[in-house]
Asks: 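Okay, handing you the structure first.
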Amino acid sequence: MTEAAPQSETPTEVAGLEIRGLNKILGGRTIIDDLDLRVEKGELVSLLGPSGCGKTTTLRMVAGFLAPDNGTITVDGRDVTRLGAEKRPSAMVFQNYALWPHMTVFKNVAFPLKIRRTSPAELTERTEAALELVNLLHHRDSRPGQISGGEQQRVALARALVQEPKLLLLDEPLSNLDAKLRVKVREDIREIQQRLGITTLIVTHDQDEAMSVSDRIAVMNDGRIEQYSTPEQLYGRPQTMFVASFIGSMNKLAGTVVDGRLQDSEEISGVRPEHVVFSATAEGDALPAVVERVIPRGHFFELVLAREDATLHGYFTGRPPAVGDRGGARITESLTFRDGVLVEEGR
Ligand SMILES: Nc1ncnc2c1ncn2[C@@H]1O[C@H](COP(=O)(O)OP(=O)(O)O)[C@@H](O)[C@H]1O
Ligand SMILES: [Mg+2]
């Protein structure tokens with residue numbers, strides 16, 4: 001053989017996780033609808049979607065806590081669909097951590113090894129290594145109630161990692177932490193995941209979290225995957241209006257943007273606020289605009305700009321204009337959607 005087949009069409013490597021045709025009906029409703037997902041070995045993928053779209057249900061089926069009605073799940077090429085959770089090469093971190101309050105940190109982390117009848121020497125060695133990995137060795141004799149929320153989260157992570165899983169599953173791992181800690185812990189999770197090279201699937205409803213740690217993101221809506229792409233592609237080329245609205249901010253305008261102006265059409269235009277540029281004068285593509293609101297956003301301002309054809313949200317750095325000021329507002333980039341699906345890139 002002199003020519004290799006293109007990698008994208010026929011992946012030669014077995015996937016870290018492959019879900020095919022997954023279906024689940026609960027309470028008479030289709031909750032998961034023919035879902036496919038392939039995660040490469042060592043990749044970190046987020047399942048991102050609004051509350052109730054079926055993320056936890058999907059993760060529970062991957063972990064082996066819930067039997068699918070249809071479909072297959074393979075981990076590193078091995079079909080695990082019919083295996084119980086304890087027989088699968090995966091480990092899960094639950095949303096509420098599910099730590100035992102009466103046990104020490106050490107015993108919590110060691111628990112999965114204990115029920116597998118690991119020898120005492122190996123149990124101690126692996127538990128200490130897992131605690132070291134999450135920087136908690138000094139808390140080995142503390143109880144969960146004596147440590148912070150962030151530390152409890154790391155105990156839960158250590159209890160998953162101690163099993164040396166081929167696949168790490170996390171359900172909303174940061175939802176119980178305050179905003180500042182969330183950023184730190186998500187960076188810790190990413191760092192450990194990279195260091196171990198472990199295939200990881202994270203469930204989250206927080207786009208910021210998904211965007212900052214993931215190699216790829218599967219955006220889920222109503223039991224289906226709307227788009228599966230890198231964070232950059234999701235943001236820059238959202239394939240549906242749902243994805244465009246869910247990821248980042250978007251001006252949704254009725255009509256098509258032609259030469260920077262909104263024209264009547266059956267289509268919907270999506271314009272990111274960073275593609276709305278305010279200037280003191282209306283020149284070139286800029287149309288006359290009045291500043292309606294100035295919203296401080298930290299190191300920049302969000303402006304609400306009223307033009308003749310549309311009201312636009314735009315970003316502005318530097319000394320902001322005042323409400324009532326007149327100037328020009330220019331649309332530098334737009335996306336066009338027909339029936340909720342991306343059709344072309346405007347200018
Ligand atoms: N055991 C169940 N019986 C009936 N409906 C369920 C059950 N479990 C979950 N659901 C429903 O399935 C949908 C998806 O739930 P879930 O997977 O928990 O969503 P997410 O994690 O994305 O918030 C929700 O509408 C939920 O009410
Ligand atoms: Mg959930």
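Note that ligands are numbered from 1 as they come in the structure, with each ligand's atoms numbered from 1 the same way. Only heavy atoms go into these numbers, but all of them, side chains included; no hydrogens, no water, no symmetry mates.
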Asks: Checking Thr240 against Glu226: is there a side-chain donor and acceptor pair closer than 3.5 Å?
Replies: yes
Asks: I'd like to know: is the Mg ion (ligand 2) within the 2.8 Å range of an N/O/S atom from Thr56, strictly under that distance?
Replies: yes
Asks: Using a threshold of 4.0 angstrom between heavy atoms of the protein and any atom of ligand 1, which residues qualify?
Replies: Leu26, Gly27, Arg29, Ile31, Pro50, Ser51, Gly52, Cys53, Gly54, Lys55, Thr56, Thr57
Asks: Tell me whether Glu209 is salt-bridged to Arg186, with the criterion being a basic N under 4.0 Å from an acidic carboxylate O.
Replies: no
Asks: Quick check: Phe65 with Phe94 (ring centres under 6.0 Å apart)?
Replies: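 Aromatic pair counts; centres sit under 6.0 Å.
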Asks: Please say whether the positively charged group of Arg297, taken as NZ for Lys or CZ for Arg, lies over the ring of Tyr315, i.e. under 6.0 angstrom from the six-membered ring centre and within 45 degrees of the axis.
Replies: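 Negative - Arg297 is either too far from the ring of Tyr315 or too far off its axis.
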Asks: Hey, is Arg293 close enough to Glu302 for a salt bridge, meaning N to O under 4.0 Å?
Replies: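 Salt bridge between Arg293 and Glu302, a charged N being under 4.0 Å from a carboxylate O: no.
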Asks: Going by distance alone, is a donor N or O of one side chain under 3.5 Å from an acceptor N or O of the other, for Arg143 and Gln146?
Replies: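 No, no side-chain donor-acceptor pair sits under 3.5 Å.
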